[in-house]
Number of protein chains: 2
Amino acid sequence: MAEEKKISMAVIRRLPRYFRYLSDLMKLDIKRISSKELSERMQITASQIRQDLNCFGGFGQQGYGYNVEYLYDEISKILGTDRRFSCIIVGAGNMGNALANYENFSKRGFDIVGIFDVSPDKVGTVINNIKVLHMDMLPEFVKTHHVDIAMLTVPNSKVNEVAIQVTELGIKGIWNFSPTDLRLGDDVIVENVHLSDSLMVLGYRLKESMEGRKTS
Amino acid sequence: MAEEKKISMAVIRRLPRYFRYLSDLMKLDIKRISSKELSERMQITASQIRQDLNCFGGFGQQGYGYNVEYLYDEISKILGTDRRFSCIIVGAGNMGNALANYENFSKRGFDIVGIFDVSPDKVGTVINNIKVLHMDMLPEFVKTHHVDIAMLTVPNSKVNEVAIQVTELGIKGIWNFSPTDLRLGDDVIVENVHLSDSLMVLGYRLKESMEGRKTS
DNA sequence: TTTGTTTTGACAAAAAAATAACAATTATGA
DNA sequence: TCATAATTGTTATTTTTTTGTCAAAACAAA
Ligand SMILES: NC(=O)c1ccc[n+]([C@@H]2O[C@H](COP(=O)([O-])OP(=O)(O)OC[C@H]3O[C@@H](n4cnc5c(N)ncnc54)[C@H](O)[C@@H]3O)[C@@H](O)[C@H]2O)c1
Ligand SMILES: NC(=O)c1ccc[n+]([C@@H]2O[C@H](COP(=O)([O-])OP(=O)(O)OC[C@H]3O[C@@H](n4cnc5c(N)ncnc54)[C@H](O)[C@@H]3O)[C@@H](O)[C@H]2O)c1
């Protein structure tokens, strides 16, 4: 077991992109691809593709390239797309609704099994066939249903307490939509979606480009 | 003008985070802060903070630290938060609705001035005081209103054509929510929000942590 | 004013990431 | 079957990013 080579986040964050491109290639009925051709499509170097893939093992064949379907399956396995994750949405507002109505998450293995809120306006309503429950029901719900991920779409001012609540119930994965960095235990994985940050970066780049500078 | 030092994306993507922390400090009525203390709050090294800020000029004072409000204002200027951007939303579906109803974008200088769709179910409805217009009205709209940014929340299958449409009308900034990488001219700035990618990374990290590995 | 402490800004060093190079291997076509 | 072209996996090199160091500057207290 001495072969514990740590894989960097830089590599991991590129995996879903490979996954997407391979999925597209399959739809185009392309059976094989070389790192060179893929690099042209993805606008990255062939070297990087080969190096990234080799973090996980040799999926290609010299003189031939990569079998698209095989590589797709392998990346699926790496990403865990072959397994299913149970998710709840906390906060049935604008963003919570959007997430609950998005069908593609379940295609990628993420099942929304519950939606929670505190507002009497929301509790009892049905979103995409799921009844919104009151937060008071959450402890009981987590006892009877296994929950891997909590998608937090509550107001910024509430996200800290809600994050603590869900982690105390044993939920280990948090997908956070609030513009706040959560500080939780080491065994909890937090992935942030900082939409405003992204928009501000767009604003910056736009401003720079209007002033004639390039942003890379 | 020989002082054109290019600022890396790595630095730029950290700016909104500094902005957020400084904003929080101001709310706490904290007037000054050293890179050391800020580094503890932000969980990054003091060295990185000083190096990042120095890309744009010396905002601090030796022996004192940084004046919170002054630094906040300077980062505002760098990010362009002092100016306003006109935005349209294309695709009045789940995500388009969520964005249209989010009040905080305008607080950061991003004004939603129009919403467009093609579906008769959506055209004519009013979201957050803005009437949804048909896509056919877009060329005329862009002629009479200046538009900096198009937020694209159309289905995946349509996003390419819509992106081409809006760029042909002269819109230079695109905030793309589809799991697709747009290929547009060099003068168009595209910022992607790949939600599914983010969720898949969460899945990966969760899986790794369940198996006992650390992800950094 | 003087002295000791704090803290920046600049630079140096280290680490990480990306790119390039190339031997080894396989496919392909004569 | 054999020679040639293609293409990987791996190692080396380069570039970028992060971290560490320290003199110089400013503060604070005596
Ligand atoms: N809507 C967007 O486009 C958008 C964009 C960027 C960031 N965000 C962030 O996403 C989060 C949600 O935004 P939104 O627009 O959906 O807000 P929203 O106000 O529409 O919805 C929030 C929901 O959370 C519920 N809630 C409040 N306290 C709760 C609690 N303690 N437990 C459970 N539910 C609770 C509210 O009743 C409400 O239904 C916010 O943090 C916001 O900053 C949203
Ligand atoms: N909803 C989510 O949580 C979520 C999550 C991840 C990614 N996304 C992505 O965001 C995008 C939008 O998702 P959604 O859930 O809001 O979809 P949606 O189907 O709810 O809304 C799409 C809207 O676009 C409109 N539209 C279709 N063709 C158009 C055209 N040519 N011009 C203008 N409008 C057009 C439709 O009428 C519809 O109102 C998709 O690409 C999706 O993959 C959404």
Side-chain angles (χ1 to χ4, degrees), chain A residues 2-18 21-22 25 30-72 74-75 78 201 214-216, chain B residues 2-18 21-22 25 30-72 74-75 78 201 214-216:
Chain A
E3 45 162 329
E4 292 286 303
K5 42 184 173 183
K6 216 195 67 183
I7 289 143
S8 80
M9 265 297 163
V11 175
I12 291 160
R13 292 203 181 279
R14 280 192 292 270
L15 291 179
R17 188 151 181 265
Y18 290 124
Y21 275 82
L22 289 164
L25 289 172
I30 293 169
K31 299 294 180 198
R32 72 178 208 182
I33 194 148
S34 67
S35 59
K36 183 160 175 291
E37 200 195 326
L38 188 56
S39 79
E40 280 154 13
R41 287 174 183 265
M42 294 184 69
Q43 311 255 65
I44 54 176
T45 63
S47 201
Q48 181 163 67
I49 293 172
R50 293 204 298 277
Q51 186 127 347
D52 281 354
L53 296 178
N54 270 83
C55 293
F56 303 97
F59 302 134
Q61 204 164 14
Q62 286 160 329
Y64 174 89
Y66 298 87
N67 177 297
V68 172
E69 198 172 338
Y70 173 67
L71 186 55
Y72 175 88
E74 288 301 315
I75 293 182
I78 295 163
V201 171
K214 281 272 151 101
T215 328
S216 95
Chain B
E3 45 161 328
E4 292 285 304
K5 42 184 173 183
K6 215 194 69 183
I7 289 143
S8 82
M9 264 296 163
V11 175
I12 291 160
R13 293 204 180 279
R14 279 193 293 270
L15 291 179
R17 188 151 182 265
Y18 290 124
Y21 275 83
L22 289 165
L25 289 171
I30 293 169
K31 299 295 180 198
R32 72 178 206 180
I33 193 147
S34 67
S35 58
K36 183 161 176 292
E37 200 196 326
L38 188 55
S39 80
E40 280 154 12
R41 287 174 182 265
M42 294 185 68
Q43 311 254 63
I44 54 176
T45 62
S47 201
Q48 181 163 69
I49 293 172
R50 293 204 299 276
Q51 183 123 330
D52 282 353
L53 297 179
N54 271 81
C55 292
F56 305 96
F59 303 134
Q61 205 164 12
Q62 287 159 327
Y64 174 89
Y66 298 87
N67 177 298
V68 172
E69 197 172 338
Y70 172 68
L71 186 55
Y72 175 87
E74 287 302 313
I75 292 183
I78 294 163
V201 170
K214 282 272 151 99
T215 328
S216 96

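Each chain gets a letter, A, B and so on, in the order the sequences are listed, and its residues count up from 1. All values reported here derive from a predicted model rather than from experimental measurement. For the numbers below, each heavy atom of this structure counts, side chains included, while hydrogens, waters and symmetry mates do not.
- Between B:L22 and B:V68, the closest heavy-atom pair is O-CG1, 3.8 Å.
- At whole-Å resolution of the value, OH in A:Y64 and C1' in C:dT25 are 15 Å apart.
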Atom pairs and distances, donor-acceptor, side-chain atoms in residues 43-51 of chain A, under 3.5 Å, two or more places apart:
residue : atom : partner : partner atom : Å
A:T45   : OG1  : A:Q48   : N            : 3.1
A:R50   : NH1  : A:S35   : OG           : 3.0

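- Regarding contacts with the backbone of D:dA6, every side-chain N or O of A:Y66 stays at 4.0 angstrom or more from both OP1 and OP2.
- Applying the 4.0 Å criterion to OP1 and OP2 of C:dT26, one finds that A:R32 has every side-chain N and O outside that range.
- Between A:I78 and A:I12 the shortest side-chain heavy-atom distance does not fall below 4.5 Å.
- Contact check, A:S35 against D:dT7: no side-chain N or O comes under 4.0 Å of OP1 or OP2.
- Distance CZ (A:R13) to P (C:dA18): 13 Å, rounded to an integer number of Å.
- Judged by distance alone, with hydrogens and angles left aside, B:Q62 brings a side-chain donor or acceptor within reach of the base of C:dT8, the pair sitting under 3.5 Å.
- In this structure, A:N54 atom CG and C:dT19 atom C1' are separated by 15 Å, rounded to whole Å.
- The list of salt bridge (charged side-chain N to carboxylate O under 4.0 Å, His left out) pairs with a residue in residues 60-72 of chain B, not counting sequence neighbours, is empty.
- Between A:R41 and A:Y21 the shortest heavy-atom distance is O-CE2, 3.7 Å.
- We find that CG of B:N67 is positioned 15 Å from C1' of D:dA26, with the value rounded to whole Å.
- To the nearest angstrom, P of D:dT8 lies 16 Å from CD of A:E74.
- In this structure, CZ of A:F59 is placed 14 Å from P of D:dT8, rounded to the nearest angstrom.
- The listed nucleotides are C:dA18, D:dT18, C:dT8; the one nearest the side chain of A:A10 is C:dA18.
- With rounding to the nearest 0.5 Å, the separation of CD1 in B:I30 from CG in B:N67 is 12.5 Å.
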Derivation of the side-chain contact (heavy atoms from CB on, under 4.5 Å) call for B:L25 and B:Y72: CA-CA 10 Å; B:L25 289 171; B:Y72 175 87; over 6 Å; no

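- Residue whose closest nucleotide on DNA chain C sits further toward the 5' end, between A:Q61 and B:G60: B:G60.
- Rounded to whole angstrom, the span from the CD1 atom of A:I33 across to the C1' atom of D:dA6 amounts to 15 Å.
- Atom pair A:M9:CE and C:dA15:C1' shows a separation of 18 Å (rounding to whole Å applied).
- Within residues 38-53 of chain B, the residues having any heavy atom closer than 4.0 Å to DNA chain C are, in order of number, B:R50, B:Q51.
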